[in-house]
Amino acid sequence: SYHRHRALIVLFSLTNRSSAFSATSTSAVRINNLAHHHLFIRGGATTSSTTSSIHNSNTNGGEEEPRTGWLHNTEPKYASYPTSSSSAPLSLAMKRLMADKMQKYRNHRIITPPAAHPCGDANRMMVTEHKISIPLTHPDLKAAIMNNEQLSSTASEEQRRIVPVERIDGAFLTNNEAFDEPTIDVYFTITELLSNAQDEAHFHALQNPNLSPSQRATVYFQKGSNDDDDSSIDPSRMMLYLQGGPGFGCASPVSGLSLASSSSSWAAAVLLGGKVSNSDGKSFQRIVLMDQRGTGRSSAICKQQLVKMFPDLFLLDKNKEGEGTVVGEEFGGDSDARTMLLQARQQKALKEATDYLSLFRADSIVRDAEWIRESLANPFPSVNDDGNDDAAVNGPQPWGGALGQSFGGFCLMTYLSSIQNPPELVYFTGGIAPMNTPVREVYDRLWLRVRERSWKYYEQYPGDVATVKKIVRKLLAHENSADPIILPSGGILTARRFLQIGLALGGSPGTSFANMHSVINSAFVDEDSDEISNAFLKSIDYEQSFDDAPLYFLLHESIYADGEGATQWAANQSYESHVEANSEFDYRVTSEEDNSNPTLFFGEMVFPFMAHGDFSELSNSGMRTLSEALAEKSDWLPLFDETNMRTALVHKKKSRAAAACYYDDMYVDFECAMKLVQRGCPLEGVKVYVTNEYQHSGLRDDGANIINKLAAMSKNRLHVPS
């Protein structure tokens, strides 16, 4: 029929355009498309809600073809911009113009007047909330993606090595086309002590309600480092914190990170305790807490934003009534032709969305941190009469210190691998990544640790063995009927989703176990009833926030994807293997009343079933196909580089490092971590404090003691290890 023929033509066109998109890697590179054409549905007006997430001043009018997403063109609008080494010499006037343009591109804002909070010894802390615009794709990362696409599967390890970057903003001060790179916003807070009259006067100046966010940032730098002739901030007296995850925002000062006294948190110990200092023995003046890209109050990734950015990805989603989306009415009643068109459009959007989310891993996060550091150290870029900018004159100005908790520690390993001048002091807490361990083995080992923690939980709360079995049987019965239990969020409470509450097992028994026990024992309306309570349903939604933070679901397994190879739902594969080998892992078996084994919980894992109705925001065609594409993606960039890490820690000693490794850590494999800190291994220079006194939550439970110990170890003031 005419309609079917037309659909095939459109399908062929879309397929060819998708192929052309991939083929551009040999000319201008696929990621150049990705970077230069975040032009959301510009066939019409770009919505303000979209541009708040990604910003680009490029327009691309004149085309008659309808736009179908954030990436519309098969050929890059701009040629791949050259690096500074290949650029023609710039005049002094042009360098100064670009330095001024750099400040505008950063768009540094303090988004609200600061707050002051009382802390120990009659002191006060000032907390400022910042946002800054950051390149979606950092130039050196773009070059790495280019190189990775051109390498064959037989490329040598040397060809795949990470090339550390010296200056994260270098391309922006040497080539004007770099400013065409679209940006995202990254949010961070700075906490600092108000210790004298000058500090108080500065605080009150920032509280002026008539200041715009940009003006407030300018006023902030007028105090700078207490030097009247210097508006910069000394990075060597700043401590960067990288939180766990991936996919969740950072703890907020005061509400999520106590500053009440020097012993109330690691942050208070750094600013008030007097035992943590930088490499020069000076106190830290500021702590920077960053919401990693895509999380918290940074340009966040959620389903709402993904639908706006990649509308075609969600064309086949069903509405609340279970009916398909009405699109493609131009094909009349030919449903087959319409479906073919929608599938083609969805596949194109799927490729774009997969490439986009690939930019939200640790390799981008550490470059974002460098961008922030440079923006604080040189807030008003300038060029002297010799043509040198501030950073070139001042030389390297690395962070004085950085603390990485859990996934934040993984990021610090990427920092040591990717940045020529990493933080001078590096502290890991439960955060040594299982580098060189295949992702499947990571999860094979994890399931055994989760079993051990499940047993530990039941030892503390033996009455919950029967309760958990009863809950699982009840949920299985509903799964097998036409009457599933619907959560307030719209998801389905299946037995497998309930068992994911075990994600909390890695915390301390005194808090995490107790909270789990409270949730489990709220399951039924009363002790003699088998009716699931509404309070329990609300608690499950609260404890499992994957709908609100889909990056955890979409990218969690990719934190172990260090170079070539797909993750392929490794946790789920591992689970199926464990079940096949030992029925103790099969909740359908162990939940039976006459089975003597307790029902084991699940741990820090993501599963394909999460997109099949269990979580409403993660389900339906769009999110499901996106999660599957990321699980099948095999061309990940490497995250770690053994040679670069050893150069930073051992050979050039640019960084001194210490780590708290928890012997019983459920989330991070202790044995895999120990392999990396041995002599001759990537983290040889890291001094390790091994303990089973704490769980993975040690930094939250006793952060002041832990950071004080690591600080002393890093400076040889404490003989640990002995």
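In what follows, every heavy atom counts, from backbone to side chain, and hydrogens, waters and symmetry copies are set aside.
The salt bridge (Lys or Arg N to Asp or Glu O under 4.0 Å) check on Glu424 picks up nothing, with sequence neighbours excluded. Qualifying salt bridge (Lys or Arg N to Asp or Glu O under 4.0 Å) partners for Glu543, counting only residues two or more places apart in sequence or in other chains: none. The ring-ring contact (aromatic ring centres under 6.0 Å, His included) check on Tyr542 picks up nothing, with sequence neighbours excluded. By the side-chain contact (heavy atoms from CB on, under 4.5 Å) test, Glu441 pairs with Thr437, Pro438, Arg445, sequence neighbours left out. For Phe585, the ring-ring contact (aromatic ring centres under 6.0 Å, His included) test picks out His578, with sequence neighbours left out. Contacts of Asp368 classified as salt bridge (Lys or Arg N to Asp or Glu O under 4.0 Å), with partners at least two apart in sequence or in another chain: Arg293. Applying the ring-ring contact (aromatic ring centres under 6.0 Å, His included) criterion to Tyr241, with sequence neighbours excluded, gives Trp266. In this structure, the ring-ring contact (aromatic ring centres under 6.0 Å, His included) partners of His517, at least two apart in sequence or on a different chain, are Tyr461. By the salt bridge (Lys or Arg N to Asp or Glu O under 4.0 Å) test, Arg373 is found to be paired with Glu370, residues two or more places apart in sequence or in another chain being considered.
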Which donor-acceptor pairs under 3.5 Å do side chains of residues 610-617 form with protein atoms, sequence neighbours excluded?
unit_1: Asp614; atom_1: OD1; unit_2: Arg496; atom_2: NH2; d: 2.9
unit_1: Asp614; atom_1: OD2; unit_2: Thr494; atom_2: OG1; d: 2.5
unit_1: Asp614; atom_1: OD2; unit_2: Arg496; atom_2: NE; d: 3.0
unit_1: Ser616; atom_1: OG; unit_2: Ser489; atom_2: O; d: 2.9

Name every donor-acceptor pair, under 3.5 Å, that has one atom in a side chain of residues 122-130 and the other anywhere in the protein, sequence neighbours excluded.
unit_1: Asn123; atom_1: ND2; unit_2: Gly120; atom_2: O; d: 3.0
unit_1: Arg124; atom_1: NE; unit_2: Glu200; atom_2: OE2; d: 3.4
unit_1: Arg124; atom_1: NH2; unit_2: Glu200; atom_2: OE1; d: 2.6
unit_1: Thr128; atom_1: OG1; unit_2: His130; atom_2: NE2; d: 2.8
unit_1: Thr128; atom_1: OG1; unit_2: Ile190; atom_2: O; d: 3.4
unit_1: Glu129; atom_1: OE1; unit_2: Tyr187; atom_2: OH; d: 2.7
unit_1: Glu129; atom_1: OE1; unit_2: Arg297; atom_2: NH1; d: 2.6
unit_1: His130; atom_1: ND1; unit_2: His108; atom_2: NE2; d: 2.8

All N/O donor-acceptor pairs, side-chain side in residues 248-261, below 3.5 Å, sequence neighbours left out:
unit_1: Ser258; atom_1: OG; unit_2: Ala260; atom_2: N; d: 3.3
unit_1: Ser258; atom_1: OG; unit_2: Ser264; atom_2: OG; d: 3.3
unit_1: Ser261; atom_1: OG; unit_2: Ser263; atom_2: OG; d: 3.4

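Aromatic rings from Tyr443 and Tyr560 are positioned such that their centres are separated by under 6.0 Å. Under the 6.0 Å cut-off for aromatic ring centres, Tyr458 and Phe601 qualify, their centroids lying closer than that.
Using a distance-only test at 3.5 Å, with no hydrogens or angles considered, no donor-acceptor pair links the side chain of Trp399 to the main chain of Leu425.
For the pair Lys470 and Phe524, the cation-pi test (distance below 6.0 Å, angle within 45°) is passed.
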